[in-house]
Each structure stands twice: as structure tokens, then as C-alpha cells.
Number of protein chains: 2
Amino acid sequence: MGEHGHKKDTREMTFPDLFERFSSEILPLGCADATHLRFQSIARFASARAGDAPFIVNDRDQIVFIAKGSSKLVAEASQEREQVVAFHFVGDLVLVPARGAHAYTLYALDNCDLIFFQSDEFFKLARYETGMIDEALERAMLALARSREKAVALGRKSAQERLASFFLNMAERIGSKHEEGWVMQLPMSRSDIADSLGLTIETVSRQLSELRDAGLLTTQGRSQVHLLDWDGLASRAGHLVPAE
Amino acid sequence: MGEHGHKKDTREMTFPDLFERFSSEILPLGCADATHLRFQSIARFASARAGDAPFIVNDRDQIVFIAKGSSKLVAEASQEREQVVAFHFVGDLVLVPARGAHAYTLYALDNCDLIFFQSDEFFKLARYETGMIDEALERAMLALARSREKAVALGRKSAQERLASFFLNMAERIGSKHEEGWVMQLPMSRSDIADSLGLTIETVSRQLSELRDAGLLTTQGRSQVHLLDWDGLASRAGHLVPAE
DNA sequence: CGCTCGCATTGATTCAGATCAATGTACGGA
DNA sequence: TCCGTACATTGATCTGAATCAATGCGAGCG
């Protein structure tokens with residue numbers, strides 16, 4: 001059951017503990033015990049360390065619940081050209097597609113606990129429990145909305161607009177409101193950010209410096225970001241009228 | 001049948017006729033008559049001519065069934081910067097999001113018959129009929145998969161790769177297999193294609209000429225395209241190894 | 001506690017695609 | 001059938017981001 005890294009896992013979390021997180025987040029409230037058990041029986045568990053791809057690319061779609069940590073879903077356009085399709089955080093449900101026109105791989109950004117299912121098995125069970133498919137549909141539509149927003153950014157926004165949007169997005173998802181602005185600890189590297197925004201590391205770095213110089217945010221170390229001026233960032237995020 | 005001119009609609013299609021198309025495509029086979037009637041009662045009908053945006057941007061998500069014609073879903077990044085998020089053809093079910101970070105509008109590419117629903121009403125009813133939510137989920141996941149593929153193209157592919165992918169995609173959706181290759185009648189303009197691929201009209205035109213010169217396809221008039229060499233196009237569509 | 005390697009920043013140059021600018025051509029209407 | 005206009009193609013130039021190339025810095029290890 002699941003590969004736990006190479007050395008060993010420091011925090012000891014039992015399978016039932018982890019499954020409980022899935023269950024309270026995803027299964028409907030008044031869910032029958034039988035359903036609970038059925039899902040538990042098809043669930044697979046994986047503990048991954050930063051950089052790991054916790055499971056082999058499969059010929060069937062996978063549903064992955066992030067019980068702990070954060071991950072990125074990467075599409076390989078060709079060797080050396082990767083596109084980060086989405087980032088995920090605790091409580092997220094990820095739809096990992098089977099290999100199609102491109103190969104998709106889920107990578108752990110930090111130490112992760114994942115619960116995963118074959119999507120066909122998952123949906124077969126989901127049908128028995130009212131509200132379950134609804135939840136899945138809800139989350140699929142959220143993923144769709146995010147993917148569309150990403151497409152708009154990649155298709156029509158400048159490097160700076162993309163980076164500004166990225167920070168606002170991340171703040172909404174993993175930031176915490178501070179007195180002056182928002183603070184967050186980014187689990188992904190500059191290279192991940194670049195691959196997510198369709199840019200290079202260098203461009204990300206340059207644009208970040210510009211935002212810093214403009215007094216819109218500050219950084220601490222490699223991963224902490226402090227947004228000082230939400231509206232300033234929002235106006236640089238592409239809702240501007242460039243000419244006129 | 002067929003549309004000649006704009007004065008009035010030549011083909012007379014009654015509401016029940018159109019709804020029947022929706023029903024046979026989307027509603028489950030052994031669907032209860034009651035469900036059928038309930039959906040019919042919340043369905044709204046619109047007939048649109050090329051270029052129309054058949055309904056006002058709403059504060060609620062819409063579900064649109066394309067009973068006839070084809071459409072584009074456009075996100076407005078800012079005035080003068082539009083991103084085509086998706087194209088749709090007969091039988092497709094479109095999820096039109098409410099105004100969020102960007103404004104989304106559905107435009108008719110040619111004469112269209114549309115059946116639309118408020119998504120909340122739609123899903124409330126869908127819950128009564130087994131298989132209905134499944135169908136919606138299925139289609140949402142297809143839309144998600146397409147949107148992700150688009151993100152990969154926009155983030156990591158060259159102009160030529162994007163255009164080649166576009167033609168292969170369109171052939172799969174609206175092309176017909178001919179003796180030598182695939183033939184299709186594109187309902188969208190060069191400008192729509194550019195806005196879909198995150199390029200300019202000029203770049204689309206230049207890359208199209210290159211593909212034409214390379215003997216991979218021919219064009220006839222503004223909208224007919226004949227793909228001569230599927231594999232050649234596929235290899236230019238971004239599964240190439242650029243260096244090495 | 002300092003070393004070191006991998007990550008990040010900064011700078012110089014190049015290049016794919018945008019922009020600006022004609023010119024050509026399909027197609028709907030008179 | 002011809003005409004006008006909107007759409008499409010082609011060409012010249014410009015530019016934002018990529019690429020190439022050092023240099024700086026921070027976190028994990030000995």
C-alpha cells in the first residue's frame with residue numbers, strides 16, 4: 001500500500017486517520033456507513049516526498065485527494081518543455097487524466113499524503129450516494145473555471161500580468177490575511193512558477209523584481225511572499241486598459 | 001433548410017423539435033416522461049445569427065445545448081484583448097460561467113439554435129434522474145481535458161505547432177474522412193482562430209501558408225480546409241523534439 | 001559554523017511573433 | 001455579372017520575452 005519515500009516517514013499517520021480527512025471533506029454529511037466502507041476499500045494511499053511522482057502514469061484516469069501537502073499537475077509537451085496545468089493544496093481533489101495527446105504527471109511539491117482512486121471505480125461508487133457526484137461535478141467545474149482563467153492568461157496576458165495574477169490567485173488559496181496585506185509560503189520553485197505561467201525562470205525573476213521595486217510586494221527567503229498592495233497588483237494583473 | 005440570408009429564418013423548427021434533439025442527446029435513454037417535461041419547462045430557446053451573442057451575460061452560470069450551428073465562448077481580458085476559450089458544435093453542451101475575473105460571452109459563429117438553462121435549475125432537476133448528472137460530469141471532464149490541452153498549447157507551443165494542433169482537433173470534431181485525408185468547413189474566421197490560439201491574424205495566416213507550402217494541406221475559399229498529411233501535421237503539432 | 005551546491009537574480013544578445021503597412025481576394029448584394 | 005467591402009495574405013520593422021552568460025544568495029550538510 002503506497003510507497004513511503006526512501007528513508008522513512010517522520011510523522012506517523014495511519015490510513016484511517018488520512019481517510020477520515022477525505023471522508024469529512026468529500027463524502028456527504030449524512031453518508032451511509034456502507035458507502036464510507038466501500039470507498040475505503042477502493043482507496044489507495046501514497047506518501048510522497050518533494051519532487052516525487054507518487055504513481056506511474058496510468059492508462060486510466062485517476063482521482064487524487066490531497067490529504068496533506070501540495071502538488072503540481074504537469075503536462076509534458078515534449079522533452080524539456082513542461083507545462084504546469086494546475087497546483088493543488090490540502091483538501092483539493094485532483095483529476096489526473098490518462099495519457100492522451102500529452103502525458104500528465106502529478107508531482108509532490110513537498111511532503112504529501114495522497115489518497116487516490118481509479119476514476120471509473122470512484123464514479124461507480126459515487127453513483128450510490130446522493131450528493132457525491134454533485135460534489136465531484138462541483139469540483140470538476142471549479143477545475144474547469146481555473147483552467148479557463150489560465151488559458152486566458154497564457155493566451156492574452158504579458159509576463160507581468162501573469163505573475164501578478166498568479167500571486168493574487170495563490171493568496172486566495174493559501175495566503176493568510178495579515179494587518180498589511182497577505183502573507184504566504186509558496187511551496188513551488190521559480191521554475192514551477194515559470195512552467196505554470198508559460199514563461200522562463202529568468203522572466204519570472206525579472207518581473208518579480210519589478211513588482212518588488214514598485215512596492216507591491218516583498219519577499220523573504222525563497223518562498224515567503226508578502227503582498228502589500230492588492231489593488232495595485234490587481235490592476236497589473238490584466239484588467240488594465242493598456243491603450244486609451 | 002440551410003440559411004440563405006438574414007431576413008427571416010427559412011427552416012421552421014418548432015420548439016418541441018429542437019427540444020427533442022436535446023432530449024435524445026442528453027437525457028438518459030429510459031428517462032421518465034416527468035423528467036422530460038420538467039426539463040422542457042425550464043429550458044429557454046434562442047435562435048441566433050452569425051456574430052450574435054444570444055444572451056446577456058448573467059450573474060448565474062448557464063448551460064447551453066447547441067441544437068444547430070456552432071459557437072465560440074470568449075473571455076474578455078480587456079477591451080481589444082479577447083481569448084476564445086472554446087469552440088462548440090452541434091450536440092455540444094456548453095458551460096458558460098457567470099462573470100468572474102473575466103467576462104465570458106457565447107457568440108454564434110453561424111446560424112444557431114440554442115437551448116439554454118440556468119445551471120442551478122438544471123442541476124437541481126438533473127439530480128432526479130439517474131445518469132443525468134453523470135452525463136453532465138462526463139461532459140465537464142471533456143471540457144476540462146480540452147481546456148488543459150489548450151493551456152499546454154498556449155503555454156509551451158510555437159505558432160506553427162498551435163495551428164497544426166488546431167487543424168487536427170477540428171478535423172476530429174467536424175471533419176469528414178475523404179479518400180486522401182480529411183475535409184472540413186471551418187465556421188470560424190482567421191480572427192477567431194487567432195483569438196483561440198493566442199496569436200494575431202497575420203501570424204495565423206503566415207503559418208497557414210507555410211503548412212500549405214509544405215504540402216500538408218490545401219484550402220479552398222475562406223473556410224474549406226483539406227488535410228493531406230495527418231502524420232506530417234501531427235509531427236508539427238508539438239510532439240517533435242526541437243533540439244536533439 | 002562555515003562550505004557548498006542548487007536555486008535565484010541580473011545583464012547582454014537574439015529571435016519569434018506583434019505591429020504597422022500595403023496589396024490581394026472571396027462572397028453577398030444590387 | 002459586376003461591385004464594394006470585409007476578410008485574408010504578404011512584406012518591413014519593432015519589441016517582449018527567450019536564450020546565453022555570469023554572479024549572488026540561502027538552505028542543508030559535514
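A, B, ... follow the sequence lines: proteins, then strands. Residue 1 opens every chain. Bear in mind that the values here come from a model prediction, so they are computed numbers and not experimental data.
Rounded to a whole Å, the CZ atom of B/Arg190 is 11 Å from the P atom of C/dC27. Rounded to an integer number of Å, the gap from CD1 of A/Ile201 to C1' of C/dT9 is 11 Å. What separates CD1 of A/Ile193 from C1' of C/dT9 is a distance of 14 Å, to the nearest Å. B/Asn111 places its CG atom 12 Å from the P atom of C/dG28, with the value rounded to the nearest Å. Residue A/Asp192 contributes atom CG, which lies 17 Å from atom P of C/dG6 at whole-angstrom precision. A straight line from CD of A/Glu202 to P of C/dA12 spans 15 Å, rounded to a whole angstrom. As rounded to whole Å, 14 Å separates atom C1' of C/dG17 from atom CG of B/Leu163.
DNA chain D lies under 4.0 Å from at least one heavy atom of each of the following residues of residues 204-219 of chain B: B/Ser205, B/Arg206, B/Leu208, B/Ser209, B/Arg212.
Shown here are the salt bridge (Lys or Arg N to Asp or Glu O under 4.0 Å) partners of A/Glu25, two or more places apart in sequence or in another chain: A/Arg139. Shown here are the side chain to side chain donor-acceptor pair (under 3.5 Å) partners of B/Glu202, two or more places apart in sequence or in another chain: there are none. In this structure B/Arg156 satisfies the side chain to side chain donor-acceptor pair (under 3.5 Å) test together with A/Asp195, sequence neighbours excluded. Shown here are the side chain to side chain contact (heavy atoms under 4.5 Å, CB included) partners of A/Ala108, two or more places apart in sequence or in another chain: A/Ala48, A/Cys112. By the side chain to side chain donor-acceptor pair (under 3.5 Å) test, A/Gln160 is found to be paired with A/Gln207, A/Glu210, A/Arg236, residues two or more places apart in sequence or in another chain being considered. Evaluation of the side chain to side chain donor-acceptor pair (under 3.5 Å) rule for B/Glu149 yields A/His102, A/Tyr104 as partners, not counting sequence neighbours. In terms of the salt bridge (Lys or Arg N to Asp or Glu O under 4.0 Å) criterion, residue partners of B/Arg173 (sequence neighbours excluded) are, by chain and number, B/Asp92.
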Only distances under 3.5 Å count here; give the side-chain donor-acceptor pairs of residues 225-233 of chain B to other protein atoms, sequence neighbours excluded, each with its distance to 0.1 Å.
unit_1	atom_1	unit_2	atom_2	d
B/His226	NE2	B/Glu180	O	2.6
B/Asp229	OD1	B/Asp231	N	3.3
B/Asp229	OD1	B/Gly232	N	2.7

Throw together a table of side-chain donor-acceptor distances under 3.5 angstrom for residues 216-224 of chain A, partners on residues two or more places apart or in other chains.
unit_1	atom_1	unit_2	atom_2	d
A/Thr219	OG1	A/Arg212	NE	3.2
A/Ser223	OG	A/Gln185	NE2	3.0

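When only modelled atom types and interatomic distance are considered, B/Arg81 and B/Ser78 share a side-chain donor-acceptor pair under 3.5 Å.
Close approach of DNA chain D to chain A, defined as any atom under 4.0 Å from a non-hydrogen atom of the protein, starts and stops at D/dA17 to D/dA27.
Residue B/Thr203 places at least one side-chain N or O closer than 4.0 Å to OP1 or OP2 of C/dA18.
Across all strands shown, B/Ser189 has heavy atoms under 4.0 Å from sugar-phosphate atoms exclusively, and none from any base.
Axis angle across the helix from C/dC1-D/dG30 to C/dA30-D/dT1, with five pairs used at each end and values rounded to 10°: 40°.
Cation-pi contact between A/Lys72 and A/Tyr107: present, with separation from the ring centre below 6.0 Å and deviation from the ring axis of at most 45°.
Taking the nucleotide of DNA chain D with the nearest heavy atom to each of A/Ser223 and A/Gly198, the more 5' of the two is matched to A/Gly198.
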